[in-house]
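Heads up: the structure comes next, in structure tokens.
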Amino acid sequence: MRVLRRGLTLLVLALLAGLGVVLYYVANPNLPDFQAPKKLHYLGQWSESERQAFYYTPQGTQVKGLRYDWFTALELPFSRDKFARPEYLARFGFLIDPQQKASAQNPGNLPVGLTRHQNTETGEQFLDITCSACHTGELRYNGQAVRIDGGAALHSLASTVPTLRGGSFGQALGMSMAFTYYNPLKFNRFAEQVLGEQYPKGKKQLRSDFKRVLDRLLGTAWNDTHRGLYPTEEGFGRTDAFGRIANSVYGDAISPDNYRVANAPVSYPHLWDIWKFDWVQWNGSAMQPMARNIGEALGVGATLRLFQTNGGPVPEADRYASSVRVRDLHTLEETLKQLAPPAWPESVFGKVDMSLASKGRALFTENCAYCHAVNAVPPEQRLAPGRSPEWHLRIVPTDIVGTDPTAADNIADHRYDISKLGWTQEQLARLDVKLIGSSSDQVDFNNISSAKGLAYITAFVENQAYKQAGISGEERARLDGFGLPIGVQEKRGYKARPLDGIWATPPFLHNGSVPTLFQVLSPVSERAKQFHVGSFEYDPKFVGFRTDAFPGSFLLDTSIVGNGNQGHEFRDGCRKGGVIGRFLPPDERLALIEYLKVLGNPTLESQLSPVQPKPWNPGPSCEG
């Protein structure tokens with residue numbers, strides 16, 4: 001018996017030790033080191049005031065109700081160092097200027113896109129993640145850094161699921177909050193900083209409020225984990241944006257039965273010229289700027305009141321109330337109209353070979369312009385008569401472009417039960433929603449598609465937000481964006497956008513599955529099947545990030561569902577199965593890349609020599 005007790009004791013100790021090791025690695029995530037660049041270059045894409053407005057104008061999102069001053073007061077789990085130190089948050093891929101200091105717009109001296117907004121009823125200041133957090137990029141080379149405003153972020157923001165393999169921001173934040181709550185010494189220091197003169201009087205209430213937010217954060221991690229909602233790891237620079245928005249709105253806000261597996265991470269698209277596009281989102285499913293931005297805010301954490309805590313309906317006057325800030329969303333949209341594409345910085349990345357770029361322009365006309373050239377819509381055909389210019393973007397079906405179809409298929413195939421909302425067909429008919437390509441205006445409330453359901457929910461949220469802000473009539477039409485309705489279409493395809501500034505947005509394809517432009521122009525057999533992500537180090541020749549392994553890097557495996565690197569392929573043979581053009585020898589690939597460095601830069605484009613292009617050749621279809 002004594003031997004048995006000793007054995008059980010040893011087993012318990014071993015289990016506790018193992019649990020301690022797991023807890024240590026979850027709370028101390030595997031992150032890349034941060035090395036400040038010698039100099040940070042901005043590319044004159046807009047004014048400094050416009051940049052700061054983009055970086056720190058709130059949109060009404062919340063991190064489970066986390067207060068701004070709580071965030072800046074948090075300590076790391078195993079030290080007194082602040083969690084929100086710029087140098088630490090930079091290890092998650094958030095962007096900082098090594099010379100930055102606290103300011104009126106950024107009092108916590110936080111990275112790009114982490115800001116605050118004030119609750120109009122309570123006066124509380126919440127941590128707000130604005131669109132610049134995901135749509136600002138940076139490229140580094142020889143100790144220099146180049147900021148790409150409106151570019152693709154390379155952070156690990158999205159996941160809240162604890163993992164031993166990498167470090168997501170949500171995971172690390174949850175652990176810092178947990179260690180603060182359960183360690184009395186840490187909580188006392190935290191409370192004293194947050195409460196100031198009210199310490200220790202308000203400590204008990206603070207502890208209760210803090211625990212409520214911690215429970216929400218940990219509850220989300222548990223929900224995501226035990227339901228297996230995000231089996232394809234996102235890593236750096238990707239998130240399943242549409243899947244997370246759908247799970248937030250349909251699952252969190254309506255019914256747990258509506259959770260769907262989201263296994264299609266996508267890169268963050270760049271934003272210059274986006275206001276000119278007739279349709280946005282990777283699959284071209286959205287039309288109205290305000291509706292697009294409200295949907296994004298809801299997916300990132302804006303609050304939404306659909307039901308009371310007891311499950312009963314919210315009174316009609318307050319139903320669909322949210323924390324989205326329509327005036328601020330309009331400010332962000334208007335600011336982005338001033339954003340110019342980035343110009344290739346020759347002083348950092350080297351001179352463009354203009355002779356090679358001239359040959360590349362001819363190759364672009366032959367091989368790329370059919371899908372990617374700017375296609376301005378005549379005034380009489382525009383979706384928005386007040387928009388000038390308006391660009392028509394070609395939506396290429398997945399069975400033609402051949403790229404990983406998971407994201408487009410999920411949006412087209414997932415269905416949700418929203419009957420609990422109690423809508424009627426008459427209510428929906430009064431909303432400013434336009435269904436493109438739909439055979440019927442009748443909605444099946446027990447089986448609605450993702451995009452259609454979000455369009456209607458967004459319409460209700462938008463109406464309530466405008467009502468709360470006292471906005472109507474012409475002002476509302478202007479804030480909507482050119483008076484456009486909330487248009488929605490569902491296509492199994494991805495939009496082919498203009499390629500000005502594309503050199504600044506690696507990795508490539510909609511899911512970030514191809515590391516360089518050179519590989520995009522190569523046959524699939526020559527593309528990397530696995531590569532490491534998380535380094536900002538840039539390759540100016542082949543145009544992409546460095547992909548070798550380093551401590552804290554994320555291994556992107558293209559064999560995993562949603563990560564496929566097939567399609568958009570140039571090789572000889574039949575034009576089907578994702579083969580869209582002829583084989584390009586390496587010298588032609590490099591010439592095309594050289595041209596893409598100057599595309600959209602009038603100064604450099606004017607220096608190109610005339611080279612007669614070959615006509616675009618659709619090639620053999622080999623049908624039958």
Side-chain angles (χ1 to χ4, degrees), residues 230-232 238-247 249-250 258 260-269 277-288 291-292 295-296 299 370-372 375 383 391-416 433-441 443-444 447-456 458 486-497 508-514 520 524 558-569 574-581 618 621 623:
Y230 306 100
T232 302
R238 302 191 311 164
T239 186
D240 190 333
F242 219 100
R244 287 186 177 275
I245 291 172
N247 279 334
V249 174
Y250 295 119
N258 281 325
R260 299 288 180 268
V261 169
N263 54 358
V266 297
S267 295
Y268 302 107
F277 297 173
D278 55 353
W279 291 91
V280 295
Q281 307 293 16
W282 280 112
N283 67 331
S285 60
M287 180 198 295
Q288 188 197 88
R292 172 239 296 159
E296 181 269 336
Y370 178 78
C371 289
H372 290 289
N375 185 6
L383 297 173
W391 293 352
H392 172 66
L393 270 61
R394 190 182 299 274
I395 310 298
V396 185
T398 54
D399 60 354
I400 293 176
V401 71
T403 51
D404 190 301
T406 314
D409 286 347
N410 285 355
I411 295 170
D413 294 337
H414 286 175
R415 294 291 184 273
Y416 303 88
V433 174
K434 186 176 183 180
L435 305 179
I436 308 298
S438 178
S439 59
S440 173
D441 291 334
V443 174
D444 184 350
N447 192 41
I448 195 170
S449 68
S450 177
K452 288 179 182 177
L454 286 173
Y456 285 118
T458 300
I486 299 177
V488 60
Q489 63 180 358
E490 297 172 328
K491 295 186 175 183
R492 294 180 194 271
Y494 302 113
K495 71 177 187 288
R497 63 186 298 159
F508 300 99
L509 298 187
H510 73 278
N511 59 353
S513 62
V514 182
V520 170
V524 171
T558 63
S559 69
I560 294 173
V561 173
N563 289 353
N565 68 345
Q566 71 272 18
H568 198 281
E569 186 176 10
C574 302
R575 301 291 173 85
K576 64 179 182 179
V579 179
I580 60 170
S621 65
E623 293 179 0

(message) Would you compute the distance between atom CG of D404 and atom CG of N511 and round it to the nearest 0.5 angstrom?
(response) 5.5 Å

(message) Donor-acceptor pair, distance only, cut-off 3.5 Å: does the side chain of Y230 make one with the backbone of R244?
(response) no

(request) For residues N563 and N565, determine if any side-chain heavy atom of one lies less than 4.5 Å from a side-chain heavy atom of the other. (result) no

(message) If I compare all heavy atoms of S285 with all of F242, which pair ends up nearest, and what's the gap?
(response) OG-CE1, 3.9 Å

(request) Give, for atom CG of N375 and atom NE2 of H392, the distance between the pair rounded to the nearest 0.5 Å. (result) 6.0 Å

(request) For V524 and Q566, work out which heavy atoms get closest and say how close. (result) CG2-CA, 3.9 Å

(message) How close do R238 and S267 get, counting heavy atoms only, and between which atoms?
(response) CG-OG, 4.3 Å

(message) Can you confirm if the NZ or CZ of R497 lies within 45° of the ring axis of F277 and under 6.0 Å from the centre of its six-membered ring?
(response) no

(message) With rounding to the nearest 0.5 angstrom, report the CG to CZ distance, D240 to R260.
(response) 14.0 Å

(request) Identify the two heavy atoms, one from N263 and one from P231, that lie closest to each other, and give their separation to 0.1 Å. (result) CB-CG, 3.9 Å

(message) Between K495 (side chain only) and Q281 (backbone N and O only), is there a donor and an acceptor less than 3.5 Å apart?
(response) yes

(message) Please give me the minimum heavy-atom distance between V396 and C371, naming the atom from each residue.
(response) CG2-SG, 4.2 Å

(message) Any heavy-atom pair between the side chains of Y456 and L435 that's under 4.5 Å?
(response) yes

(request) State the CD1-CD1 distance between I395 and I400, to the nearest 0.5 angstrom. (result) 12.5 Å

(request) Measure the spacing between CG of N283 and CD of Q489 and express it to the nearest 0.5 Å. (result) 8.0 Å

(message) R492: which residues meet the salt bridge (charged side-chain N to carboxylate O under 4.0 Å, His left out) condition with it, sequence neighbours left out?
(response) D409, D413

(request) Measure the CG-CZ distance between N447 and R415 for me, rounded to the nearest 0.5 Å. (result) 6.0 Å

(request) Could you label the plane-to-plane angle of the H510 and W282 rings as parallel, tilted or perpendicular, counting under 30° as parallel and over 60° as perpendicular? (result) perpendicular

(message) So which atom in T558 and which in S513 form the shortest heavy-atom distance, rounded to 0.1 Å?
(response) CG2-O, 3.8 Å

(message) Is any side-chain heavy atom of Y416 closer than 4.5 Å to one of V249?
(response) no

(request) Please tell me if the side chains of L383 and M287 come closer than 4.5 Å, counting only heavy atoms from C-beta onward. (result) yes

(message) Strictly distance-based, threshold 3.5 Å: is any side-chain N or O of T403 a donor or acceptor partner for the main-chain N or O of G567?
(response) no

